[in-house]
Amino acid sequence: MRMDVLGLAGAAVIAVGIAAGGWLVGQGVVEARLGNRTVQVKGLAEREVKADLAVWSLRYVASGNDLNEVLGQLKRDTETVKRFFTDAGLPADTIEMLSLEVTDQNAQLYRSGPVEVRYIVAQTVSVRTTDVDKVEAASQKVGDLVEAGVVLSNEMGAWGSGPSYIFTRLNDLKPGMIAEATANARDGAAQFATDSGSHVGAIRNASQGLFQILPATDIPNMPENRQVTKTVRVVTTIDFFLED
């Protein structure tokens, strides 16, 4: 009889232990599920901006068999190019003389066959200014230089000789754009929360994408730096808790 009582008592203890263990496991699952009630959304912010710096490098060449004559032609072309810039309203202090290249065809190591033109001399002149509109207007008249006899050299492809338009104030936009992207992400999360009968809680995790400066107008093969107007974009990825 005593053994039966002890046996029953032990069985009761084991049963209670199993029940308690089951309750703890059940609570663990519930808590894990509650902890995983999150939604991941992306938030987008965009700004249309205008470049505030223009840099334009023009490379032109002169050639011939008499080096002095070639250099004389290049000097005249340089004065024509400088006058082209100043006539466009760009101050002389924004104009800079860059590299001067002299090539003697007879001195080329791997030359083959006769040389028709011995000397090729190239000069690069650059203008750097915050007056973007004047540079843009001047770039539309570059044909005037060709008509004046200046032989422009383009070694960088279809867009190589045009001005580069740069936006330098990205840091001024970052705080506001991040806030906007975060707010847009929360709006998206709120829709998910509504559909699931809950509401948006705190941020669990957030990552910010890179700020991109893109062309405002999508023109095939035309890089962003050739357009005055640009689009700045950032995308954030945020995990929000969903709460009852």
Side-chain angles (χ1 to χ4, degrees), residues 40-60 81-99 124-145 152 154-190 200 202-240:
Q40 184 179 90
V41 291
K42 293 184 182 296
L44 170 68
E46 289 185 338
R47 295 281 192 281
E48 186 173 289
V49 299
K50 180 180 178 179
D52 55 278
L53 177 66
V55 180
W56 189 8
S57 295
L58 278 177
R59 185 177 185 269
Y60 46 97
V81 171
K82 286 183 176 180
R83 188 165 56 252
F84 170 77
F85 284 134
T86 55
D87 287 348
L90 298 167
D93 60 4
T94 65
I95 303 169
E96 182 181 5
M97 303 297 297
L98 298 181
S99 61
T124 301
V125 175
S126 179
V127 62
R128 181 185 180 92
T129 178
T130 57
D131 203 334
V132 173
D133 292 336
K134 288 181 179 178
V135 171
E136 184 183 24
S139 70
Q140 306 302 315
K141 301 177 180 178
V142 71
D144 294 349
L145 288 174
L152 298 176
N154 183 2
E155 294 187 336
M156 299 174 63
W159 305 102
S161 62
S164 291
Y165 302 107
I166 305 163
F167 179 69
T168 66
R169 300 194 302 271
L170 179 58
N171 286 338
D172 296 340
L173 299 182
K174 285 183 176 180
M177 291 187 66
I178 292 173
E180 180 181 333
T182 302
N184 288 339
R186 183 173 286 275
D187 290 342
V200 180
I203 293 175
R204 180 188 184 189
N205 185 51
S207 62
Q208 175 198 312
L210 295 175
F211 277 84
Q212 295 177 291
I213 300 180
L214 306 169
T217 304
D218 187 13
I219 300 176
N221 301 319
M222 185 178 188
E224 162 268 319
N225 66 327
R226 295 306 184 207
Q227 293 191 27
V228 174
T229 306
K230 308 171 188 297
T231 297
V232 179
R233 175 183 298 168
V234 67
V235 177
T236 59
T237 302
I238 304 178
D239 294 341
F240 290 97

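The first residue of the sequence shown is numbered 1, and numbering continues consecutively from there.
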Hey, can you pull the donor-acceptor pairs under 3.5 Å for the side chains in residues 81-95, sequence neighbours left out?
residue	atom	partner	partner atom	Å
Thr86	OG1	Lys82	O	3.2
Thr86	OG1	Arg83	O	3.1
Thr94	OG1	Pro91	O	2.6

Which value, rounded to the nearest 0.5 Å, describes the distance between [X] atom [atom1] and [Y] atom [atom2]?
X: Gln212; Y: Arg233; atom1: CD; atom2: CZ; result: 6.5 Å
X: Arg226; Y: Asn221; atom1: CZ; atom2: CG; result: 13.5 Å
X: Thr229; Y: Glu48; atom1: OG1; atom2: CD; result: 5.5 Å
X: Asn205; Y: Thr237; atom1: CG; atom2: OG1; result: 9.5 Å
X: Thr124; Y: Leu98; atom1: OG1; atom2: CG; result: 6.0 Å

Self-check item: Sequence neighbours excluded - salt bridge (Lys or Arg N to Asp or Glu O under 4.0 Å) pairs with any residue from residues 162-172
Solution: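 Sorted pair list: Asp52-Arg169.
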Exercise. May I have all residue pairs that pass salt bridge (Lys or Arg N to Asp or Glu O under 4.0 Å) and include part of residues 126-137, sequence neighbours excluded?
Key: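 Every pair satisfying salt bridge (Lys or Arg N to Asp or Glu O under 4.0 Å) with a residue in residues 126-137: Lys50-Asp133, Asp131-Lys134.
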Quiz item: Can Val55 and Val127 be said to form a side chain to side chain contact (heavy atoms under 4.5 Å, CB included), step by step?
Solution: CA-CA 6 Å; Val55 180; Val127 62; over 6 Å; no
Practice problem: Answer yes or no: are there more than 12 heavy-atom neighbours, outside Lys141 itself, under 6.0 Å from its atom NZ? | Solution: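 Atom NZ in Lys141 is not crowded, with 12 or fewer foreign heavy atoms closer than 6.0 Å.
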Taking side chain as C-beta onward, heavy atoms only, is [X] less than 4.5 Å from [Y]?
X: Leu53; Y: Val132; answer: no
X: Tyr60; Y: Val125; answer: yes
X: Tyr165; Y: Asn225; answer: no
X: Arg47; Y: Thr231; answer: no
X: Phe167; Y: Val228; answer: no
X: Trp56; Y: Ser126; answer: no
X: Ile178; Y: Phe211; answer: yes

Exercise. Step by step, work out the side chain to side chain contact (heavy atoms under 4.5 Å, CB included) result for Arg186 and Phe240.
Key: CA-CA 8 Å; Arg186 183 173 286 275; Phe240 290 97; 3.3 Å; yes
Exercise. Return the set of residues passing salt bridge (Lys or Arg N to Asp or Glu O under 4.0 Å) with Glu96 (not counting sequence neighbours), or none when no residue passes.
Key: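 Counting only residues at least two positions away or on another chain, Glu96 forms no salt bridge (Lys or Arg N to Asp or Glu O under 4.0 Å).
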Practice problem: Begin from the C-alpha positions of Val232 and Met177 and carry the test side chain to side chain contact (heavy atoms under 4.5 Å, CB included) through to its verdict. | Solution: CA-CA 9 Å; Val232 179; Met177 291 187 66; 3.8 Å; yes
Quiz prompt | side chain to side chain contact (heavy atoms under 4.5 Å, CB included) partners of Glu224, counting only residues at least two apart | solution =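 Scan of Glu224 (side chain to side chain contact (heavy atoms under 4.5 Å, CB included), adjacent residues dropped) gives Ile213, Pro215, Lys230.
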Quiz item: Listed by chain and number, what are the side chain to side chain contact (heavy atoms under 4.5 Å, CB included) partners of Ala206, not counting sequence neighbours?
Solution: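 Residues passing side chain to side chain contact (heavy atoms under 4.5 Å, CB included) with Ala206: Ile203, Ile238.
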Quiz item: Would you say the side-chain atoms of Asn184 pair up with the backbone N or O of Leu44, donor to acceptor, closer than 3.5 Å?
Solution: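 Side chain of Asn184 to backbone of Leu44: a pair is present.
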Self-check item: Check against side chain to side chain contact (heavy atoms under 4.5 Å, CB included), Thr217 and Met222
Solution: CA-CA 9 Å; Thr217 304; Met222 185 178 188; over 6 Å; no
Quiz item: If you look at every heavy atom in Pro163 and Ser139, which pair is closest and at what distance?
Solution: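 It is CG-CB, 3.7 Å.
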